[in-house]
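Notes follow once the structure below has been shown.
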Amino acid sequence: MTQPSFGLIGLAVMGENLALNVERNGFPVTVYNRTTAKTDEFMATRAKGKNFKAARTIEEFVKFLDRPRKILVMVKAGKPVDAVIDQLKPLLEEGDTIIDGGNSLYEDTERRTQDLEAKKLGFVGMGVSGGEEGALNGPSLMPGGTPAAYKELEPIFTKIAAQVDDGPCVTFIGPGGAGHYVKMAHNGIEYGDMQLIAEAYDLLKNALGLDRKQLHEVFAEWNTTDELNSFLIEITADIFPQIDPDTNKPLLDQILDAAGQKGTGRWTVVSALELGVTLPTITAAVNARVMSSIKDERVAASQELTGPTGKYDGDVKAFINKIRDALYCSKICSYAQGMALLAKASSEYNYNLNLSEISRIWKGGCIIRAGFLDKIKVAFNENPQLANLLLAPEFKQTILDRQGAWRDVLATASQLGIPVPAFSASLDYFDSYRRASLPQNLTQAQRDYFGAHTYERIDKPRGEFFHTQWF
Ligand code: NBP
């Protein structure tokens, strides 16, 4: 057997499954994990009889690999990644490449790329999406970093990635931290999608009183539509019929309404604020998780603060369709914001992102995979300089046709006291973006009044600033 040139460090959920995926696709793999018992267990079970070699020390791991070495690191993001890189650095030789496949912050990836490229080593910061199942059977891969290093890895990545009608779900994203930036934005968009679905569920359940069988049917039906067909709608439909074996009750009703988060949604929002890009839907989604997490405080407040109650008393079937329209319009706005963020990051950080290709590689393998992404791919393919997805002919027409339904849903939610922060943020985004005039002339007047911050005038060229002595 030839020595493997591909090695993997970190045999937790993602590492194990990616290692099996690489081996299944014809590449022998050397594995190493800090805790040796984990390596032994892997070799004795899932790796048994397959083309794997186990290393018990990092030195042995490096020695087992043919040059140029390709080392995928799948350890916890943050300090563990630096710890592993620090151990590897003195052992590697020119031309070897380290790939960080964890959810690292793009700024860390930027720093690591510079450090390793200066030592003539390749570094690829790669976003991996699809969870455990995707890692094993085909994830969406978002590699960025050293372009020459990516070329060496391309034959492996194109085989292990999810395959869709127009190719494998992998493409070189861009230099430095581009891959991890795009993965971060992907996760932010995922937060937005999940919150929009949660709000649709809240309305269907609490405004219309649908039971779990009806909820299952609505989401299953939406999943057959060209517009909403997606992994997240599919699993939502699956969740309603699930029974809790301990109580024999619907499992969803037994789950505490306090959402967790690991940070990529928050990073996306912080980056948008830093870059001056409006990201209201994803921001609302992050805030909704935070609000959900103060469960005890909300329970106490529910005893003190009252609001409207009651159900929608109109045509239920027609209103379900309006909720579907509101969900789809809001989703378009959320993606418009996410893609605008990527466009700004691309120009600010010189990532040279191809938004059409990015939409394409999200069509399979990842959590936000959806038929809808093909429409975004086409929109950016037809016009790579598109200022905003809302201006693409198909999306523009959809929103113009359905905004009436969207507004009805928000008005009803408001009357019934059902919070729909991401639906509302999306409509506010649309209404702000489409208006030639906003009330920030007053903001500018106030700033000049109290702080002499100056203002521009509508009857003078942009860039000329004026100050008034107000009263
Ligand atoms: P974890 O994020 O739970 O990390 C566990 C792995 O990190 C173990 O192999 C552990 O070794 C190793 N490790 C730690 Br912790 N500290 C270390 C150190 N100082 N030196 C060496 N190894 C160290 O694993 P995961 O859930 O498989 O995720 C891996 C990466 O992929 C993360 O960045 C995650 O955010 C990302 N990701 C996860 C998913 C998912 O669905 N889980 C999806 C997409 C991306 P040990 O066995 O010795 O403790």
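Index from 1, following the sequence.
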Looking at [Y] and [X], is there a salt bridge between them, counting it only when a charged N and a carboxylate O are closer than 4.0 Å?
X: E93; Y: K120; value: no
X: D86; Y: K89; value: yes
X: K70; Y: D96; value: no
X: R298; Y: D257; value: yes
X: D115; Y: R111; value: no
X: R434; Y: D431; value: yes
X: R402; Y: E227; value: yes

Qualifying ring pair (Phe, Tyr, Trp, His ring centres under 6.0 Å) pairs with a residue from residues 90-134, counting only residues at least two apart or across chains: Y106-Y181, Y106-Y349
Could you list all the ring pair (Phe, Tyr, Trp, His ring centres under 6.0 Å) pairs where at least one residue sits in residues 129-165, not counting sequence neighbours? Y150-F172
Looking only at heavy atoms, which two atoms of [X] and [Y] are closest? And how far apart?
X: T109; Y: G177; value: CG2-CA, 3.8 Å
X: R112; Y: S104; value: NH1-OG, 3.5 Å
X: F27; Y: P155; value: CZ-O, 3.9 Å
X: C366; Y: S140; value: CB-CB, 3.6 Å

Ignoring hydrogens and geometry, is there a side-chain-to-backbone donor-acceptor pair from [X] to [Y] under 3.5 Å?
X: S271; Y: T268; answer: no
X: D202; Y: A198; answer: no
X: S292; Y: A259; answer: yes
X: R24; Y: L136; answer: yes
X: R462; Y: E456; answer: no
X: N388; Y: L391; answer: no
X: N229; Y: N223; answer: yes
X: R435; Y: S437; answer: yes
X: N21; Y: I160; answer: yes
X: S330; Y: A326; answer: yes

So CD1 of I320 and CG of D325: to nearest 0.5 Å the spacing works out to 12.5 Å
In Å, rounded to the nearest 0.5 Å, how long is the span from CD of E190 to OG of S129? 6.0 Å
Ring centre gap for [X] and [Y] strictly below 6.0 Å:
X: Y201; Y: F240; result: yes
X: Y455; Y: F465; result: no
X: F395; Y: Y335; result: no

How about [X] and [Y]: do any of their side-chain heavy atoms sit closer than 4.5 Å?
X: I98; Y: V73; result: yes
X: M126; Y: K183; result: no
X: Y32; Y: L8; result: no

Given M74, which partner from the list L18, I99, V84 fulfils the side chain to side chain contact (heavy atoms under 4.5 Å, CB included) test? L18
Under a plain distance cut-off of 3.5 Å, with no hydrogens placed, do N103 and K262 share a side-chain donor-acceptor pair? no
Begin with the C-alpha distance, continue with both residues' side-chain angles, and end with the deciding distance and a verdict on side chain to side chain contact (heavy atoms under 4.5 Å, CB included) for E23 and F6. CA-CA 10 Å; E23 192 274 345; F6 190 89; over 6 Å; no
In sequence, state the C-alpha distance, the side-chain angles, and the governing distance for I233 and L327, and then conclude on side chain to side chain contact (heavy atoms under 4.5 Å, CB included). CA-CA 11 Å; I233 295 280; L327 174 59; 4.2 Å; yes
Could you label the plane-to-plane angle of the W362 and H186 rings as parallel, tilted or perpendicular, counting under 30° as parallel and over 60° as perpendicular? perpendicular
Full working for side chain to side chain donor-acceptor pair (under 3.5 Å) between N187 and T264: CA-CA 6 Å; N187 284 24; T264 42; 3.0 Å; yes
CA sep, side-chain torsions, deciding dist, call: I282, S334, side chain to side chain contact (heavy atoms under 4.5 Å, CB included): CA-CA 7 Å; I282 294 167; S334 183; 4.0 Å; yes
Neighbour count above 12 (heavy atom, 6.0 Å) for E464 CD: yes
Working for side chain to side chain contact (heavy atoms under 4.5 Å, CB included), residues L88 and L121: CA-CA 11 Å; L88 284 171; L121 297 172; over 6 Å; no
